[in-house]
Structure formats: structure tokens, C-alpha cells
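Report on the structure given below.
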Amino acid sequence: MGAAETSLPAATRQPLIALLGNPNCGKTAMFNRLTGARQKVANYAGVTIERKEGSFTTPAGCPVRLLDLPGAYSLSATTPDEAITRDVVAGLRADERTPDAIVCVVDATNLRLNLRLVLEIKRLGLPMVLALNMVDVAKKRGLKIDADQLAKELGMTVVETVAVQGGGEKSLLRVIDAMLPLPETTAKPLSAIDAVPVEETQREVRRILAAVSNDVHDTGNLTEKIDDVVLHPVFGPAILALLMFLVFQAVFSWANAPMEMIKDGVDGLGEAVKAGMADGLLRSLLVEGILGGAGSVLVFLPQILILFFFILVLEDCGYLPRAAFLLDRLMGGVGLSGRAFIPLLSSFACAIPGIMAARTIQNPRDRLVTIMIAPLMTCSARLPVYALIIAAFIPERDVGGFVSLQGLVLFTLYFTGIAAAMAVAYFMKRTIGANRQQPLMLELPSYHWPHPRNLGLGLWERAKIFISRVGTIILALMVLLWFLSSFPGAPEGATQPAIYYSLAGMAGRGLELIFAPIGFNWQICIALVPGLAAREVAVGALGTVYALSQTGNELASSLTPIIAGSWSLATALSLLAWYVFAPQCMSTLSVVKRETNSWRYPALMAGYMFVLAYTASFLTYRIALHFGA
């Protein structure tokens, strides 16, 4: 998309149109409506901000490239997302072609907030169309907007759209057809925007609103009535707590059936490989290394998708900003912004999207603190280890007649991670650029039903990311671990299992000198090494270490009694404490480096988390031994 394409005549090159607008204006829904599955997600060079590009064909048969820019309130950027949007439309990124035209999507129910960005974009002098979105919601609320008069006031084409409805984009497509072919243009310097005071822009917004809208007569606003309950000082936190309880219950209960299906599929594939191949290194690699490792991780895909489903639903319906508002005072007590709620909630699935979501936090110190504590949230990659150890050492019995003891232990592990994150945030508040807490300013969008198409595309993207991770990083690690555990073979007259004499066994015995004070044997030490790259491989790694040949569900059911007979309760509890705190995910550290543009912070994160993990495991192990565990 570089110089070669830019040098083409305007009539022959494929036009590039950029979609931009405020967060929650329906811009992404419009992008999905126009492009469908013909889209790809990457990152802008040098940052982890998502770059979404798609393609579509107009009714007249013209192919068009469409770029979905990050949401922005203004080109006077205060967040990394807004900075990317500003640089792309202003032609300041050497790796990105300047758009040939802009489609600015605005929320018809909130023109007052949206028009500032429209006026700023207009000053760049690029061909531009205004998509007046959510006009159906505006009409239901009694809002009347004169689109023709708005077009005259702005000096650009204005079209009414409903991005969440089939056919709601047709008027926009007709306008785009009428614009083609687009001449090659260059954006005016950003100084054209900076030269106009914000106060003058706001006065112009008010003048335009008075000429085109009757927003003062907004009646029957259901959103305000719902917010009277949802944001109530007593009912609001209770509703939020209930929602979070239901989300995590669903993650564990709804996932059982699909997880069993994946386990059965892996088991069946493993048995087929065993039946069809003679015993040897290749069969060992396929069954123990690949199926035993990657298969034992793939089984957790349903839990991750269920969690992301609820996050996407709460985000799409407009509730997540309200949750941030409710938690702002509580989180402010430990030095966090209420905006940190969404990144930290995302981190329960995986710390990587949680860290990336911290880009929406404007205050640099608050953003940094949120990034630094995100890995302490109990991500789904820890679940295999937790489930294995709890099943082996915690009896299946109820406490008080209705609370599962195993479930209570799992809840304690989750709560411990949250409490540790809050404690670290409180400490960082007093050490890393301490400053006064800034008031939280959030746009609270109107409530609306989540759109199935958007949910489906969002879940599909998350599934592709997880499966590609299983098929690349995790698979490679399991093959490497299998090799290190298999070579060299045991010498003649060996009295220990073959793995004891392998390269992995030698490394494990060396690490045992460091980890013996917290109760870890050499087998556990071997499993910790691949866990540095991805926590998910721990169960498969332990299976390989203990020389198991089963896969999937057989692996878990066979490993459980083995570790129950090989480890003490004190060792099991120590390992659980280790996994609450240890930074066993190199991908997370690499994302922190990219988000902060420095190795200092990932090094600091790894250091403090290792210290916390070792200290917590040491105390847990010694206390457990004291009580005879």
C-alpha cells in the first residue's frame, strides 16, 4: 500500500475510504455491514492498536477499500487511539496511505458531542460524507433532525443510516457511488485545526444544533429511566455484582458440554493415531507431543468465547461505561481510574487484550498502572492448572450444605489475584508519578439491543486469535518439550524413568536447587519452563514429564491421581500460589513492551511478579508444612 500504489493515477487505483467517528456511534457496525467477512485485522506499525481494513463493491460495481479508524472524540489527541486516527487522516504515517475520502459516522441521538469531530475533520479539506446513524432511535425518542439543513450548514453530503439493520447502509452506498472516481487529494496541515480555538468550535456546534435539531424536546428517553436504577448508589453496585457473578458462573457451567465434545474429539484422534501407527518416535511425537499438548489447551476455547461473549454483549448494549462509572470511586481509592475496569475485566480472559484496552485511559500514569497489574487478573490460561490441582487435592464436598469446597477454593484464587492487583496499584500510586486523581469523564451511550452480526464477527475474531496461538506458539513449545524430554535416552542399567536422563530432566534437576525451598520437585520445574511462554501448556507439560501417553480427557484423569500420590498437599498449595502471581507468559511481556515502548516496564513487571510468586509460595508451603499438610 506504499509508494507504488500511491503513484497510480486516481482513476485507476482502488479508492481508500476511512470510517471514523466517536466511540459508540455505530461506526464498527457500519464497517461490519459494508464489508461482512471481507475484513482483516492487523496492528499499526510500532503499536498494538488494531488496524481493521475491509473491502466492498458499490451498487455500480466499483471495488472500494474501507479502513475502520479507532474511535475519537477530537483530533486533538489525548489517547493513543486518537493519535492514530489523527495521524492517518492527516497523512502523517509513512506506512499508511492517506484516505481518498472520509465517511464520518455520527450518533443522531448525540449530535452535540459528535459534531466537534466533524468540524475538525472538515478543516483538513478531504472529500467527506456525514452518515447520520441511529436515526431510528432518534425518531423513537422524538428527536427531529433536518438532514437537508444539516448538509447546508456543514457544506457536505448528509445521509441517514441505520447500521444495525439490513439495508441500513444503502443510502450511503449510493452516495459513495456518486463520489467515484475520487481525485487524489492531500490533507491540509493539522495547524488548520489547531488555529481554531475549542470554544469557537463549540459555539459553531451549538449554532448548527439550533438550526437543525429540536433536541431540547427529547422526551420519553428510556435510557435515562434505566440509568435511574442502574446508576443508583445502592442498586447500581448490587446489579453490577450480580452481573459479574452470572458471567463467571456461565463461564464454568455453560462450557462443560462443548469442552467435553472437544475432549472426546482429541481422544478419538489420539486413539486413531495409536491404532494406525506402529510404536516409535513419530507416534510418540504425534500423541504425546502434539495431541497431548495442543489438544489439552484447545479444550479451553469454549470458556474463553463465553467470557468474550458477555463482554461484547455488555459493551454493545452500552453497559460497560456505566460499570466503569460505578467503580470509579472504589478504584480511585487504590490509585486507579474507573476506566481501568474494562481492561481489567478483559484480562480475566487474557491479559493481552486487557493491556491493549488500557489505551482508552487518558491519564498516562493511570494507564501505566493498569497495564502493570493486568496480568494479576486470573486469566483463563490458569484454569487448567487450577482445575487439575484442585481436583487432585481438594475433596468434593459442600461447605454449609450448598457451597462447593472446590468452587470456594477456585473463588479464593480469583479473589487473591484481584486483591493483589489492588495492593500493587495502591503501592504504585505512591511511587510511579503520583498525582491527584482526575475526575472521570465518560460518554454514556444510549442503551440498545446487541446486534447478533456484530457479536458473531467479534467472537469469530477471538476464536481465530486463540486457535492460531494454539497452532503456532503452543504447538511449537510442546514439540520442543517432547524433544527435550525424549533425548538422550536412558543409559543401560538406568534405575530412573527415561525423562530423568533427558535434557529436560537435567534442566529440571538444576532448577530444583532454586525451587526446593517452596516445595517444587524436578518434574514441576520442567513444566515451569514452557509455562514461561504460555501458562496453558502446564497440564500437557506435566503429562509429558510424567511419561504419559494418553491425550485429552484421559490425560487429565490419569494425571490427577499421579500428582495426588506424588506431591504433598503443601506442594500443591504452593504451586497454586505460584500460578496466582508468576508472570508465566512471554507474549504478555512483549505486548507490555510494545504498549510502553520500553523494556523497562516489562522487566519491572516480570521482576515484581516473580518476587511476589516466590514469596507467596514460600509462605504458603511453610505454613502448610507447619500444620502438617
Q) Donor-acceptor pair, R322 side chain versus V230 backbone, under 3.5 Å? A) no

(Q) Under a 3.5 Å distance rule, please check whether T615 uses its side chain to pair with a backbone N or O of V611 as donor and acceptor. (A) yes

Q | Greater than 12 external heavy atoms within 6.0 Å of M261's CE | A | no

Q. Would the F610 and Y614 ring centres measure less than 6.0 Å apart?
A. no

Q.
Just verifying a value: how many Å separate I524 CD1 and L511 CG, rounded to the nearest 0.5 Å?
A. 12.0 Å

(Q) Holding to ring-ring contact (aromatic ring centres under 6.0 Å, His included), I want the full list of residues that pass it with F411, two or more places apart in sequence or in another chain. (A) none

Q. Between F310 and W254, what is the ring plane arrangement, given parallel below 30°, perpendicular above 60°, and tilted in between?
A. tilted

Q.
Quiz question: by atom type and distance under 3.5 Å, do the side chains of S617 and T620 form a donor-acceptor pair?
A. no

Q: May I ask you to check whether over 12 heavy atoms, not counting those of R600, lie within 6.0 Å of atom CZ?
A: no

**Q.** Aromatic centroids of F515 and W522 separated by under 6.0 Å
**A.** no

Q.
Can a donor-acceptor pair be found, under 3.5 Å and without considering hydrogens, that links the side chain of T370 to the backbone of A358?
A. no

Q.
With a 6.0 Å cut-off (strictly less than), is the heavy-atom count around CZ of F487, excluding the residue itself, greater than 12?
A. yes

Q. Just by modelled atom types, is the M372 backbone N or O under 3.5 Å from a matching donor or acceptor in the Y608 side chain?
A. yes

Q) If every non-hydrogen atom of P491 is compared with every non-hydrogen atom of Y501, which pair is closest and at what distance? A) CD-CG, 3.6 Å

Q) If you take all heavy atoms of T588 and P375, which pair is closest and at what distance? A) CG2-CG, 3.8 Å

Q | Counterpart residues, salt bridge (Lys or Arg N to Asp or Glu O under 4.0 Å), relative to D316 (two or more places apart) | A | none

**Q.** Minimal non-hydrogen separation, F520 against S574, with atom names
**A.** CE1-OG, 3.5 Å

Q: Compare every heavy atom of M605 with every heavy atom of L589, then report the nearest pair and how far apart it is.
A: CD2-SD, 3.7 Å

Q: State, to 0.1 Å, how close A374 and I355 come at their nearest heavy-atom pair, and which atoms those are.
A: CB-CG1, 3.9 Å

Q. Between R382 (side chain) and M377 (backbone), is there a donor-acceptor pair under 3.5 Å?
A. yes

Q. Roughly how far, to the nearest 0.5 Å, is the CD1 atom of I518 from the CZ atom of F618?
A. 9.5 Å

Q. So, for A564 and F393, which heavy atoms are closest and what is the spacing to 0.1 Å?
A. CA-CZ, 3.9 Å

